[in-house]
Asker: 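Sharing a structure, written as structure tokens. Questions coming.
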Amino acid sequence: MTDSPGSRFAATLDRVFAAHPYYRGLFARQGLGRDDLGGVADLARIPVTPKTAFIAAPADFVLGPEGARHNDETVVWDTMYTTGSTGAPTPFVSTAYDFPNILALQQAMMRLRGVGPDDSVLNLFPLTAIPHGAFARAQHACAAIGIPVTSPMPGRASLRWPALGQRLDAVVATAARVRPTIMWGVPSYLRRVLGRAEELAVPLPTVRLAFVTGEGFGEAARTAMLAQLRRLGAPAPAISVSYGATEMQGGMVECTAGAGYHNPAPEQYLFEAVDPDTHAPVADGDEGLLLLTHLDRRGTVLLRYALGDVARLTRAPCPHCGARTERLMSIPRRVDGLVKIRGMLVNPAVLVDAIAGEPGVSECQAVLERENPADPHSMDRLVLKLVPQGDAPGLAERLAARVRSAVGVTPVVEIVGADDPVFAGRGWKATALVDLRGGGGG
Ligand SMILES: [Zn+2]
């Protein structure tokens with residue numbers, strides 16, 4: 001590719017004006033012509049696209065064939081789905097034009113995370129009932145950088161083919177056999193695999209990196225997982241956190257712990273931070289609503305799309321790796337993500353992190369309910385349903401104290417078996433906090 005990022009964005013805009021149902025309508029209403037949008041500098045003229053608009057009519061965000069120069073711009077390579085909080089999963093379409101971009105993005109992510117030619121990956125994402133990206137893209141990332149990957153497909157991969165996929169103990173055995181240097185997955189499941197390896201006294205001394213997503217993964221969780229890896233014989237483990245999005249088909253990643261989350265492909269994606277109410281740009285380093293713009297896409301195309309999170313964005317070069325790209329200086333959090341428990345405003349991420357920092361917990365779900373479900377004015381109750389890891393004396397008291405000190409609410413701790421319905425048959429994104437109170441809550 002010799003075209004500059006500017007010419008790639010110009011080509012994307014040409015196609016948007018010719019063939020994008022949503023933006024053609026929006027631009028007509030706004031009186032915006034193709035000449036009004038010369039490039040990235042004019043982006044602020046485009047109104048913010050709320051996530052609700054995309055979820056309501058995802059087909060309106062896929063480019064039609066008008067103006068396509070090659071059939072790779074219209075042939076669908078794959079479709080991934082966002083989990084979505086309610087309703088049907090939202091399709092995100094990638095064409096044959098987009099797929100090499102995704103490989104280049106994954107390659108850049110691997111390089112930022114310090115992956116080398118001698119690494120090998122254990123892909124712990126399960127095969128999901130509908131395509132979510134993580135399972136497939138972890139394999140694509142390894143292909144893009146030319147290293148081996150083993151994908152044990154944890155859990156029951158398919159109801160029709162029960163022999164597909166591996167149970168927890170088989171996953172641990174696979175890890176011991178293939179000796180990966182990188183374990184990649186959802187934090188809760190990764191913690192389960194490491195916990196089971198400890199119980200079975202299966203060492204994992206080759207592991208040097210764990211790749212996790214940022215959801216509910218803070219400093220306490222990082223410290224606890226590092227200790228777990230060291231107990232399994234890893235001499236110098238590190239954890240690399242990413243802030244991923246279906247709308248990116250990848251994620252913003254750390255080059256080193258604490259360096260912030262880098263935009264790995266500035267020629268494909270542009271991030272802005274704006275005031276959540278006025279949508280005016282915020283100063284570099286100030287917290288703002290995150291917007292994503294696709295600079296070089298042909299399937300689903302989003303411009304100034306609000307990812308639904310706020311974070312502190314900076315464009316200053318990274319002091320660690322020197323990258324000159326947008327970086328998030330804080331783990332993004334949902335704008336509307338705070339919950340009120342007994343009048344206390346609680347950040348669920350802080351609650352999840354406090355639970356994750358307790359080494360005796362194999363699985364946990366937090367449930368918010370009313371003490372008397374029939375009475376909307378009755379007191380809130382925070383219940384932690386958990387599966388202990390092995391024999392863990394004093395766990396309930398210890399965890400209650402830890403949660404109380406983190407979020408100011410004392411939970412009721414219920415210890416359940418791993419076969420409890422809460423933990424059976426759940427998807428790869430475990431619901432960390434379930435609110436059963438109805439209405440706005442306390
Ligand atoms: Zn860096």
Side-chain angles (χ1 to χ4, degrees), residues 5 40 101-119 121 134 137-138 140-142 144-147 181-185 187 190 207-223 225-226 229 234 236-245 247-273 281-288 290-296 307 309-333 349 353:
V40 164
N101 277 359
I102 293 169
L103 292 175
L105 160 76
Q106 293 287 343
Q107 190 179 62
M109 287 169 62
M110 295 294 257
R111 290 197 174 129
L112 273 168
R113 296 176 118 174
V115 178
D118 298 325
D119 279 310
V121 168
R137 298 300 182 226
H140 294 150
C142 295
I145 203 159
I147 61 165
T181 63
I182 300 168
M183 294 176 85
W184 192 351
L190 192 49
V207 176
R208 68 177 198 89
L209 276 170
F211 287 177
V212 299
T213 49
E215 219 169 329
F217 196 87
E219 285 316 303
R222 194 193 292 257
T223 304
M225 189 175 282
L226 285 172
L229 285 164
I239 291 170
S240 173
V241 182
S242 105
Y243 166 62
E247 296 88 343
M248 272 184 85
Q249 291 297 295
M252 300 176 88
V253 291
E254 298 177 306
C255 64
T256 187
Y261 307 91
H262 303 50
N263 173 6
E267 68 289 350
Q268 295 187 40
Y269 301 113
L270 184 122
F271 290 88
E272 300 169 80
V282 299
D284 225 44
D286 283 358
E287 192 171 76
L290 287 177
L291 305 182
L292 165 69
T293 292
H294 292 143
L295 300 176
D296 188 23
L307 288 156
D309 295 312
V310 294
R312 291 188 292 118
L313 182 95
T314 179
R315 294 167 185 86
C318 173
H320 298 275
C321 71
R324 291 174 175 276
T325 177
E326 305 101 301
R327 257 180 318 131
L328 305 182
M329 300 305 294
S330 56
I331 290 190
R333 58 176 179 83
D353 189 44

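Each ligand, and each atom within it, is numbered from 1 in the order the structure gives. Because the structure is predicted, anything quoted here is derived from the model rather than measured. Hydrogens, waters and symmetry mates play no part in the numbers below; they use all other heavy atoms, side chains included. Numbers for residues simply follow the sequence, beginning at 1.
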Asker: What pair of heavy atoms forms the shortest contact from R111 to I145, and how long is it?
Answerer: CG-CD1, 4.1 Å
Asker: Closest N/O/S atom of H262 to the Zn ion (ligand 1), by atom name?
Answerer: NE2
Asker: When you measure from the Zn ion (ligand 1) to the N, O or S atoms of H320, does any of those distances fall below 2.8 Å?
Answerer: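 No, H320 does not qualify, because none of its backbone or side-chain N, O or S atoms lies under 2.8 Å.
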Asker: If I compare all heavy atoms of D353 with all of A220, which pair ends up nearest, and what's the gap?
Answerer: OD2-N, 3.3 Å
Asker: Establish, from distance only, whether the side-chain atoms of Q106 and R137 form a donor-acceptor pair under 3.5 Å.
Answerer: no
Asker: Tell me the closest heavy-atom pair linking D119 and G114, and the distance in Å.
Answerer: OD2-O, 4.1 Å
Asker: What does the angle at the Zn ion (ligand 1) come to, between atom SG of C321 and atom SG of C255, rounded to 10°?
Answerer: 110°
